K.L.:
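Mind looking over this structure? Questions follow.
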Amino acid sequence: MMQIQSLGYRTDLLFARFDGVLTDRGQYLVVATPGNPDFHWGNFLLFAKPPVAGDEDRWPLLFRQEFARNPLVKHIALGWQNTQDPKAEGDAFVKKGFDTHTSVVLTTSSPRMPPKFDREVSVRTLRTGSEWEAATQLQIDVRDPIFKLENYTAFKHAQMLRYQKMSEQGLGHWFGAYLGSRLVGDLGLFLDQGLARFQNVSTHPDFRRRGICGRLVYEAATLGMQVMGAKTLVMVADASYHAARIYESVGFTPTERQAGVSLRPQPDSPDGDAIFKVI
């Protein structure tokens, strides 16, 4: 049985277990979310150890074998534990056309009020269907430009429906930051055996750099510790993204790194077959 040592991937699996399927292959774990095939990190293989020579060919073949029964999964996503040098470990995959994903996992058990703290917004959990719709639209609006609107919209609606169902079942909350009645920021916080994992922290582009993100994270973190019963708060951020510094201002400290690679379907091949031409 594969041991999940990575704190980042361990908390990722909280969501996969809710509406997905986990299959333990001993040396790797198959994580599948049939209801959201476009979700790269909801449909991936997690390996126990970093790749070695030859895995840049072997691992993608394993992925296609594992997901062969779901032709709607057109990407390839591969992660691994115990990373020492994510860039070097993923270099052979990059030469095959993959993108690397290196994240920093930050944790805290003592959140603190950040120096930059917007006092105009009010922070509360989402209450109504229309509020969930607004949060979904905000998540779509702040997407990375590399994602096509049509595909990302379908993915995000499925993902946010998952979060809404989890919230309704008492597994966590989705928080919104409001200026009056306008939603200007949002995030999720979900709990599993004392670990509370943040999800999809976002701020509307027109309201950034005024402390809304720090306020939102602080308020959610405080509720997580005092009301939800969390022992440790977990945040995963892009290692090169400035948001990690905001989280550190709320008391989070880097704990580990999380590594993975992914390959998107080629634009000229909607059926995904072009993936195999670069492997």
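Worth saying up front: this structure is predicted, and the values here are computed from it rather than measured.
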K.L.:
Are there over 12 heavy-atom neighbours, none belonging to Gln193, within less than 6.0 Å of that residue's CD?
P.N.:
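It does not: Gln193 CD has 12 such atoms or fewer within range.
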
K.L.:
In chain order, what residues pass the salt bridge (charged side-chain N to carboxylate O under 4.0 Å, His left out) check against Arg25, with sequence neighbours excluded?
P.N.:
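For Arg25 the salt bridge (charged side-chain N to carboxylate O under 4.0 Å, His left out) partners, ignoring immediate neighbours, are Glu66.
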
K.L.:
How would you list all residue pairs meeting ring-ring contact (aromatic ring centres under 6.0 Å, His included) that involve residues 208-236, not counting sequence neighbours?
P.N.:
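Listed once each, the pairs are Phe117-Tyr218.
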
K.L.:
List for me each residue that meets side chain to side chain donor-acceptor pair (under 3.5 Å) alongside Ser6, sequence neighbours excluded, and say none if there are none.
P.N.:
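Side chain to side chain donor-acceptor pair (under 3.5 Å) list for Ser6, sorted by chain: Glu256.
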
K.L.:
Between Ser109 (side chain only) and Lys231 (backbone N and O only), is there a donor and an acceptor less than 3.5 Å apart?
P.N.:
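Present.
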
K.L.:
Under a 3.5 Å distance rule, please check whether Glu56 uses its side chain to pair with a backbone N or O of Gly54 as donor and acceptor.
P.N.:
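A pair under 3.5 Å: yes.
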
K.L.:
When you measure from the side chain of Arg257 to the backbone of Pro86, do you find a donor-acceptor pair of N or O atoms at a distance under 3.5 Å?
P.N.:
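Between the backbone of Pro86 and the side chain of Arg257 there is no qualifying donor-acceptor contact (under 3.5 Å).
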
K.L.:
Do Ser262 and His75 meet the criterion of a side-chain donor-acceptor pair at a distance under 3.5 Å?
P.N.:
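The criterion, which ignores hydrogens and geometry beyond distance, is not satisfied for His75 and Ser262.
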
K.L.:
Which pairs with one or both residues in residues 150-161 pass salt bridge (charged side-chain N to carboxylate O under 4.0 Å, His left out), sequence neighbours excluded?
P.N.:
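Sorted pair list comes back empty.
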
K.L.:
Could you tell me which residues satisfy side chain to side chain donor-acceptor pair (under 3.5 Å) with Thr107, sequence neighbours excluded, listed by chain and number?
P.N.:
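So Thr107 forms a side chain to side chain donor-acceptor pair (under 3.5 Å) with Thr255.
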
K.L.:
List in chain and number order the residues that pass side chain to side chain donor-acceptor pair (under 3.5 Å) with Arg58, two or more places apart in sequence or in another chain; answer none if no residue qualifies.
P.N.:
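Arg58 satisfies side chain to side chain donor-acceptor pair (under 3.5 Å) with Asp55 once adjacent residues are dropped.
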
K.L.:
Using salt bridge (charged side-chain N to carboxylate O under 4.0 Å, His left out), reason through Lys95 and Asp91 one step at a time and then give a plain yes or no.
P.N.:
CA-CA 6 Å; Lys95 294 176 180 177; Asp91 186 60; 3.5 Å; yes

K.L.:
Quick one: list whatever passes ring pair (Phe, Tyr, Trp, His ring centres under 6.0 Å) with Phe15, sequence neighbours left out.
P.N.:
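Applying ring pair (Phe, Tyr, Trp, His ring centres under 6.0 Å) to Phe15 gives Tyr163, Phe190.
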
K.L.:
According to the salt bridge (charged side-chain N to carboxylate O under 4.0 Å, His left out) rule, which pairs have a member within residues 114-125, sequence neighbours left out?
P.N.:
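Matches after skipping sequence neighbours: Asp118-Arg210, Glu120-Arg210, Arg124-Glu131.
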
K.L.:
Could you check whether any side-chain N or O of His204 sits under 3.5 Å from a backbone N or O of Asp206, counting only pairs where one atom can act as donor and the other as acceptor?
P.N.:
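Here the side-chain-to-backbone pair exists.
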
K.L.:
Can you find a side-chain donor-acceptor pair between Gln258 and Thr83 that sits under 3.5 Å?
P.N.:
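No - no donor-acceptor pair under 3.5 Å links their side chains.
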
K.L.:
Please collect all salt bridge (charged side-chain N to carboxylate O under 4.0 Å, His left out) contacts where either partner lies in residues 176-192, sequence neighbours excluded, each pair once.
P.N.:
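Sorted pair list comes back empty.
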
K.L.:
Applying salt bridge (charged side-chain N to carboxylate O under 4.0 Å, His left out) as the test, list every pair that has at least one member in residues 157-176; sequence neighbours left out.
P.N.:
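The answer is Asp19-Arg162.
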
K.L.:
Show which side-chain atoms of residues 37-53 pair as donor or acceptor with protein atoms under 3.5 Å away, not counting sequence neighbours.
P.N.:
from, atom 1, to, atom 2, distance (Å)
Asn43, OD1, Thr33, N, 2.8
Asn43, ND2, Asn36, O, 3.0
Asn43, ND2, Phe39, O, 3.0

K.L.:
Just by modelled atom types, is the Leu78 backbone N or O under 3.5 Å from a matching donor or acceptor in the Tyr28 side chain?
P.N.:
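No, the answer is negative, given that no donor and acceptor are paired below the 3.5 Å cut-off.
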
K.L.:
Apply the hydrophobic cluster definition, ILVMFWY joined by side-chain contacts under 4.5 Å directly or through others, and give me every member besides Leu161.
P.N.:
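The other cluster members (ILVMFWY side chains, heavy atoms under 4.5 Å, direct or chained): none.
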
K.L.:
Could you check whether Ser110 and Thr108, counting side-chain N and O atoms only, form a donor-acceptor pair closer than 3.5 Å?
P.N.:
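Looking only at side-chain atoms, Ser110 and Thr108 do not form any donor-acceptor pair under 3.5 Å.
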
K.L.:
Heavy-atom count check: over 12 atoms from other residues, nucleotides or ligands less than 6.0 Å from Gln5 CD?
P.N.:
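Result for CD/Gln5: enclosed.
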
K.L.:
Counting only N and O atoms by type, is there a donor-acceptor contact under 3.5 Å from the side chain of Glu89 to the main-chain atoms of Asp85?
P.N.:
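Between the backbone of Asp85 and the side chain of Glu89 there is a qualifying donor-acceptor contact (under 3.5 Å).
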
